[in-house]
Amino acid sequence: MSDTTLPDAPRTRPESPAATLSPPPITLGDRTFQSRLFVGTGKYRDPETMIAALDASGCDVVTVAIRRVDFKGGEDPVMAHLDRGRYTILPNTAGCFDAEDAVRVARLSRELGLGDWVKLEVLGDRKTLLPDPVGTLEACRTLVGEGFSVLAYTSDDPVMALRLQDAGATSVMPAGSPIGSGQGIVNPNSLRIILETLSVPVIIDAGVGTASDVTIAMELGAEGVLLNTGIAGAEDPVAMAHAMRRALDAGYFAARAGRIPKRLYATASSPTEGVIGE
Amino acid sequence: MPTISLNGEQRTIPPSSTVEDLVRSLESEGLTADRRAIAVEVNRSIVPRSTYETHTLDDRDEIEIVTIVGGG
């Protein structure tokens with residue numbers, strides 16, 4: 001046995017500036033946020049898990065829903081636990097199946113002090129939860145006319161996305177796949193066309209199952225990703241939130257790094273000259 | 001006695017009740033939400049907090065009282 005002992009290796013090395021690089025902020029209308037990840041507050045097993053997951057996700061904006069109050073209780077525990085100084089609250093119109101109800105919910109959320117912005121959802125049917133394009137467009141026009149900043153949830157149809165932009169939407173939010181389905185990005189080509197066509201920020205909303213789905217959405221060129229069930233429904237929501245945050249950064253930088261083209265055959269990484277024995 | 005629809009349930013209220021009277025009676029029955037955490041709509045129109053005391057409820061009015069909950 002040698003009596004030489006190696007010095008203790010430092011457990012952590014100082015991070016270089018590049019290691020802490022983050023994507024730049026995202027601007028939606030007159031609001032600017034550091035994080036491009038938007039996270040829902042539904043379906044967590046308890047408020048403590050939600051708070052820890054939101055923290056791990058690094059998000060600045062969280063979505064909420066508007067529902068009939070429980071006359072035998074008080075504030076929803078989710079809202080009681082949320083740090084209103086840290087998170088900006090984006091109300092949604094989830095559960096509305098016609099334009100009128102969605103407009104009413106948006107007005108109610110404004111009355112609740114959540115400001116003049118809304119994630120507009122007008123759904124077509126309860127089984128697929130796919131958006132109703134006609135109702136969504138109608139509600140978008142009405143709300144924009146009333147001074148709302150509308151973030152419009154829609155399908156991955158490029159023409160519909162353009163119509164929503166023309167109607168004055170602040171952001172268009174096409175689904176990667178059906179809400180809560182965890183199928184990820186099922187139609188990247190449609191999303192590519194949307195991303196090429198629109199000038200307003202496009203945020204991929206719905207269908208995210210795991211971190212790689214977020215990376216794929218960002219690599220396609222999305223400005224951000226909105227998700228809920230992918231974190232809340234994971235076995236370990238806090239670990240998944242951590243993964244989603246890193247996945248978003250990975251996709252953002254990869255999209256701008258100029259990837260290599262795909263080739264059918266291999267190209268060697270090491271020099272082909274000077275190999276011994278030739 | 002006027003009968004109203006409150007969050008989809010029928011309910012009778014004293015004549016000439018205002019929104020404020022209704023909210024107070026709900027609070028005496030167990031509603032603990034802060035006033036700022038609820039919003040009131042009567043017949044599909046918002047009733048601003050500042051007019052709870054002056055907005056009188058009529059027979060067959062449809063009232064919705066909502067709050068913020070977790071959602072995606």
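Letters A, B, ... mirror the listed sequences (proteins, then strands); counts begin at 1.
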Inset, instruction - Could you tell me which portion of A:K119 (side chain, backbone, both or neither) has an atom closer than 4.5 angstrom to a non-hydrogen atom of chain B? - result: side chain

Inset, instruction - Determine the option with the most heavy-atom pairs under 4.5 angstrom with chain B, choosing from A:L112, A:L227, A:N228. - result: A:L112

Legend entry - A:Q34 atom CD, neighbour heavy-atom count above 12 within 6.0 Å: yes

Legend entry - Side-chain donor or acceptor of A:K72 paired with backbone N/O of B:E29 under 3.5 Å: yes

Inset, instruction - Determine, for B:R44 against A:E100, whether the closest basic-nitrogen to carboxylate-oxygen distance falls under 4.0 angstrom. - result: yes

Inset, instruction - Identify the two heavy atoms, one from A:E111 and one from B:V47, that lie closest to each other, and give their separation to 0.1 Å. - result: OE2-O, 4.0 Å

Legend entry - Top contributor to chain A contacts, counting heavy-atom pairs under 4.5 Å, from B:D34, B:L6, B:T32: B:T32

Inset, instruction - Would you indicate whether A:R86, at its atom CZ, is surrounded by more than 12 heavy atoms from other residues, nucleotides or ligands within a distance under 6.0 Å? - result: yes

Legend entry - Under 4.5 Å from any heavy atom of chain B - which part of A:L114: side chain

Legend entry - Contact leader toward chain B among A:K43, A:M79, A:M50, A:R104, where contacts are heavy-atom pairs under 4.5 Å: A:R104

Inset, instruction - Have a look at B:T67 and tell me which of A:V69, A:I66, A:L108, A:D70 forms a side-chain contact (heavy atoms from CB on, under 4.5 Å) with it. - result: A:V69

Legend entry - Pick from B:A37, B:A39, B:S45 with the largest number of heavy-atom pairs that fall under 4.5 Å of chain A: B:A39

Inset, instruction - Among B:E41, B:E27, B:R36, single out the residue with the greatest number of heavy-atom pairs under 4.5 Å to chain A. - result: B:E41

Inset, instruction - Quick one: closest heavy-atom pair of A:R68 and B:N7, and the distance? - result: NH1-O, 3.1 Å

Legend entry - B:I38 side, atom CD1; A:F71 side, atom CZ - distance, nearest 0.5 Å: 8.5 Å

Legend entry - Minimal non-hydrogen separation, A:N92 against B:G71, with atom names: ND2-C, 4.0 Å

Inset, instruction - Measure distances from A:V78 to the heavy atoms of chain B and classify the residue's part below 4.5 Å as side chain, backbone, both or neither. - result: side chain

